[in-house]
Amino acid sequence: MLTTRPRGTNDILPGETEKWHYVEKVLREICMEFDYQEIRFPIFEHTELFQRGVGETTDIVEKEMYTFLDRGQRSITLRPEGTASTVRAYLEHKLYALPQPVKMYYIGPMFRYERPQAGRYRQFHQFGVEVFGSFDPAIDAEVIALAMNFYHRLGLKGLELRLNSVGCPNCRPKHRETLQSFLEKDLHRLCRDCQGRYERNPLRILDCKNNQCREITAGAPTVLGSLCPECREHFEAVKEYLDEAGIRYLIDDRLVRGLDYYTKTAFEIIVNEIGAQSAICGGGRYDGLVESLGGPPIPGVGFALGMERIFPALESQGISIPLENQLDVYVIALGKAADRKAFQILLNLRLEGIKADKDYLRRSLKAQLKTAHRHNVKYALIFGENELEKGTVILRFMETSKQKEMPVDEALDLIRKQMDKKIKM
RNA sequence: GUGGAUGUGGCGAAGCGGUUAACGCACCGGAUUGUGGCUCCGGCACCCGAGGGUUCAAAUCCCUUCAUCCACCCCA
């Protein structure tokens with residue numbers, strides 16, 4: 001136990017963190033271009049925020065939250081998603097007083113108590129964006145474009161954007177009723193889960209994977225069919241913006257997001273390479289959420305995407321991430337006195353921005369050269385007792401196995417020049 | 001929460017009741033004096049996830065437990 005990480009958590013080790021950095025860099029770049037600013041909110045919040053914000057009937061709240069009492073007997077929950085916190089911060093700091101819309105993004109760990117599986121962990125990382133204060137369908141499209149743009153930049157292919165509208169408090173009750181009366185006669189034939197959903201959230205029956213349920217719901221009335229004029233118009237406009245932007249999508253009138261707060265636009269991005277978890281991004285509009293958390297009636301749109309699901313997708317598509325952690329110089333010393341000198345030179349190289357390292361195990365020249373080789377370094381600087389006396393150093397070109405003894409300054413100059421050249425290329 | 005698979009050194013992987021637990025990779029050291037990548041040699045598991053049991057004898061059989069993976073549910 002002592003040396004085992006908690007179930008469903010992961011160590012991201014050296015060699016892997018570089019990949020994360022790259023993906024995060026791409027995300028931040030895009031956000032800058034799209035004019036979204038980062039928000040950082042707490043890892044834990046008052047439990048009530050998620051109960052109210054995510055929805056009492058959702059799986060997250062019912063069975064997946066990491067909830068505990070702190071020493072002051074307050075109920076605290078590790079954040080299972082980012083939207084609720086973003087809304088809370090927006091209200092707490094009265095960001096509605098700013099020019100609207102307010103466009104924000106976040107990136108960081110989320111926590112859900114679930115059985116781990118391919119692409120699903122108890123601590124996982126999400127990047128998400130939230131936009132407050134605009135009803136404009138164009139902002140729905142912008143948010144979707146941002147996500148698609150990101151995946152394209154990484155080089156991912158075969159993405160599928162699924163689009164739906166789940167209506168609003170005006171049209172949803174009507175649809176709910178027609179759906180319930182459609183299902184009523186077959187209620188007993190539905191799977192157990194769906195029988196439970198019938199009252200609580202009949203919309204989700206449409207999303208059930210059970211064969212018999214699918215059969216029963218085959219001709220069920222769709223949400224799209226009973227949208228009110230306003231929702232219909234909004235949906236059409238979102239589609240037009242996407243068409244205009246050349247973003248292809250698939251209408252999926254069965255797409256229901258698992259969280260209670262969605263209205264109108266709902267979307268998911270799917271890629272078939274990460275086991276059973278094919279959704280890499282999900283989001284939509286939540287026009288009622290801000291108000292339901294005690295704020296003014298301010299609309300919102302956003303999405304969240306799972307970082308962990310990106311990497312297996314990239315890998316199975318043979319996309320490698322460009323890494324730039326290449327060491328430039330390896331400094332080798334033989335003997336105590338030379339080692340002192342080598343250490344000083346090493347530090348100076350680094351001050352000049354040259355990536356350099358040395359041996360710290362007092363190993364033989366042979367072993368040190370081996371290490372230099374392993375680092376795939378271009379230059380090795382070799383200091384021995386002889387060179388130390390003469391004030392020289394051996395500059396070895398690892399690729400050609402050629403080397404030359406010269407004054408220390410001369411060798412450093414040579415390396416500097418080579419590095420400059422590299423930067424210019 | 002349910003179901004299936006798996007658990008042998010850092011990694012991959014043999015062994016499936018009987019002396020000192022193969023092998024490959026990685027790692028470390030060496031092959032005459034201060035030199036890498038190839039080759040050769042050597043080193044690296046008081047122990048087979050943990051606990052208990054059966055047996056003269058278990059990594060190998062049984063039970064329990066834990067963990068990992070995959071799937072269901074649901075989601076990112």
Side-chain angles (χ1 to χ4, degrees), chain A residues 1-10 13 54 57-64 79-83 106-128 147 191-194 196-197 201 204 207-211 213 255-259 267-271 274-283 302-313 330 332-335 338 359 361 363-388 394-403 405:
Chain A
M1 281 302 271
L2 193 58
T3 53
T4 314
R5 62 189 192 277
R7 169 166 239 193
T9 63
N10 283 112
L13 298 174
V54 178
T57 66
T58 58
D59 278 13
I60 291 179
V61 171
E62 280 182 352
K63 51 185 196 191
E64 294 173 1
R79 63 188 192 194
E81 56 103 59
T83 303
Y106 58 83
I107 182 165
M110 303 294 166
F111 306 84
R112 273 136 70 170
Y113 189 90
E114 296 181 271
R115 287 284 289 263
Q117 188 183 328
R120 163 189 296 162
Y121 307 97
R122 289 185 175 181
Q123 173 174 344
F124 60 104
H125 297 77
Q126 283 189 331
F127 163 85
C191 71
R192 188 172 295 170
D193 284 339
C194 283
R197 287 171 182 147
N201 195 348
R204 267 202 259 170
D207 204 32
C208 185
K209 275 110 197 160
N210 179 296
N211 281 334
C213 293
L255 176 65
V256 180
R257 313 256 56 245
L259 286 60
F267 71 93
E268 248 176 36
I269 300 171
I270 310 285
V271 68
I274 34 179
Q277 264 57 49
S278 55
I280 51 176
C281 176
F303 70 76
L305 63 84
M307 302 283 287
E308 279 83 354
R309 291 183 183 178
I310 294 169
F311 300 105
Y330 199 73
I332 294 174
L334 302 162
D359 166 78
L361 294 174
R363 285 195 284 207
S364 66
L365 169 62
K366 185 187 196 141
Q368 294 190 56
L369 269 167
K370 211 174 187 174
T371 307
H373 176 75
R374 218 195 323 270
H375 278 298
N376 201 11
V377 99
K378 238 188 173 116
Y379 311 100
L381 273 179
I382 307 173
F383 289 95
E385 305 292 347
N386 300 338
E387 289 77 18
L388 191 64
I394 295 171
L395 176 59
R396 184 176 177 84
F397 303 88
M398 297 301 285
E399 284 157 343
T400 58
S401 294
K402 290 196 174 121
Q403 62 183 40
E405 185 173 347

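Excluded from the calculations below are hydrogen atoms, water molecules and symmetry mates; all remaining heavy atoms, backbone and side chain alike, are included. Below, chains carry the letters A, B, ... as their sequence lines are ordered, and counting in each starts from 1.
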- Item | B:G15 versus B:C61 - spacing of their C1' atoms, nearest Å | 16 Å

- Message: Please give the distance between the C1' atoms of B:C11 and B:U68 as a whole number of Å.
- Response: 16 Å

- Message: Students often get this wrong, so: under 4.0 angstrom with heavy atoms, is A:Y121 touching a base, only sugar-phosphate, or nothing?
- Response: base

- Minimum-distance nucleotide to A:P116 side chain [options: B:C69, B:A76, B:C27]: B:C69

Please tabulate, one pair per line, each protein N/O and nucleotide N/O from nucleotides 31-35 of chain B that are separated by under 3.5 Å, including the distance.
| unit_1 | atom_1 | unit_2 | atom_2 | d |
| --- | --- | --- | --- | --- |
| B:G34 | O6 | A:N386 | N | 3.4 |
| B:G34 | O6 | A:N386 | OD1 | 3.3 |
| B:G34 | O6 | A:N386 | ND2 | 2.0 |
| B:G34 | N1 | A:E387 | OE1 | 2.9 |
| B:G34 | N1 | A:E387 | OE2 | 3.1 |
| B:G34 | N2 | A:E387 | OE2 | 3.4 |
| B:U35 | O2 | A:R396 | NE | 3.4 |
| B:U35 | O2 | A:R396 | NH1 | 2.9 |
| B:U35 | O2 | A:Q403 | OE1 | 3.4 |
| B:U35 | N3 | A:Q403 | OE1 | 2.9 |
| B:U35 | N3 | A:Q403 | NE2 | 3.0 |
| B:U35 | O4 | A:Q403 | NE2 | 2.6 |

- Please measure how far the P atom in B:A57 lies from the corresponding atom in B:G7, and state the result in whole Å. 26 Å

- How is A:A118 classified with respect to the nucleic acid when contacts are heavy atoms under 4.0 Å: base, sugar-phosphate, or nothing? sugar-phosphate

- Item | Aromatic ring pairing A:F127/A:F303, orientation class (parallel under 30°, perpendicular over 60°, tilted between) | tilted

- For A:M398, which of A:H373, A:H375, A:Q403 qualifies under side chain to side chain contact (heavy atoms under 4.5 Å, CB included)? A:H373

- Item | Touch class at under 4.0 angstrom, heavy-atom based, for A:G119 against every strand present | base

- Message: By the 4.0 Å heavy-atom rule, please label A:M110 as base, sugar-phosphate, or nothing.
- Response: nothing

- Starting from C1' on B:G37, measure out to CD on A:Q368 and report it in whole angstrom. 17 Å

- Could you check how far CD of A:E399 sits from C1' of B:G37, rounded to whole Å? 12 Å

- Query: Taking the C1' atom of each, how far is B:A13 from B:G52, in whole Å?
  - Reply: 29 Å

- Query: Do you know which two heavy atoms are closest between A:M110 and A:Q126, and how far apart they sit?
  - Reply: CG-OE1, 3.6 Å

- Message: Would you measure the distance from the C1' atom in B:G4 across to the matching atom in B:C41 and give it in whole Å?
- Response: 47 Å

- Within this structure, what is the CD-to-P distance between A:E308 and B:A76, rounded to whole angstrom? 13 Å

- Message: Would A:E114 and A:R122 count as a salt bridge (Lys or Arg N to Asp or Glu O under 4.0 Å) here? Give the steps.
- Response: CA-CA 6 Å; A:E114 296 181 271; A:R122 289 185 175 181; over 6 Å; no

- Atom-pair distance (CZ on A:R120; C1' on B:C73), nearest Å: 8 Å

Show each protein N/O and nucleotides 2-9 of chain B N/O combination with a separation under 3.5 Å, one pair to a line.
| unit_1 | atom_1 | unit_2 | atom_2 | d |
| --- | --- | --- | --- | --- |
| B:U2 | O4 | A:R115 | NH1 | 3.1 |
| B:U2 | O4 | A:R115 | NH2 | 3.4 |
| B:G3 | O6 | A:R115 | NH2 | 3.3 |

- Query: Do side-chain atoms of A:E308 reach the backbone of A:Y121 as a donor and acceptor pair under 3.5 angstrom?
  - Reply: no

- Take the protein atom CZ of A:R7 and the nucleotide atom P of B:C66, then report the distance between them rounded to whole Å. 10 Å

- Message: Rounded to whole Å, please give me the gap between CD in A:Q117 and P in B:C69.
- Response: 10 Å

- Rounded P spacing from B:U65 to B:C28 in Å: 43 Å

- Task: Answer yes or no: are there more than 12 heavy-atom neighbours, outside A:Y113 itself, under 6.0 Å from its atom OH?
- Result: no

- Message: Rounding to an integer number of angstrom, what distance separates B:C23 and B:C44 when you compare their C1' atoms?
- Response: 15 Å

- Message: Nearest to the A:R112 side chain among B:C75, B:G29, B:C73, which nucleotide is it?
- Response: B:C75

- How long is the line joining CD1 of A:I332 and P of B:G37, in whole Å? 13 Å

- Query: Name the stems that RNA chain B belongs to, where each is three or more consecutive Watson-Crick or G-U pairs with both distances under 3.5 Å?
  - Reply: B:1-7 with B:66-72, B:10-12 with B:23-25, B:27-31 with B:39-43, B:49-53 with B:61-65

- Find the distance A:K370:NZ to B:C28:P and express it as a whole number of Å. 7 Å

- Same-atom distance (C1') from B:C40 to B:C66, integer angstrom: 45 Å

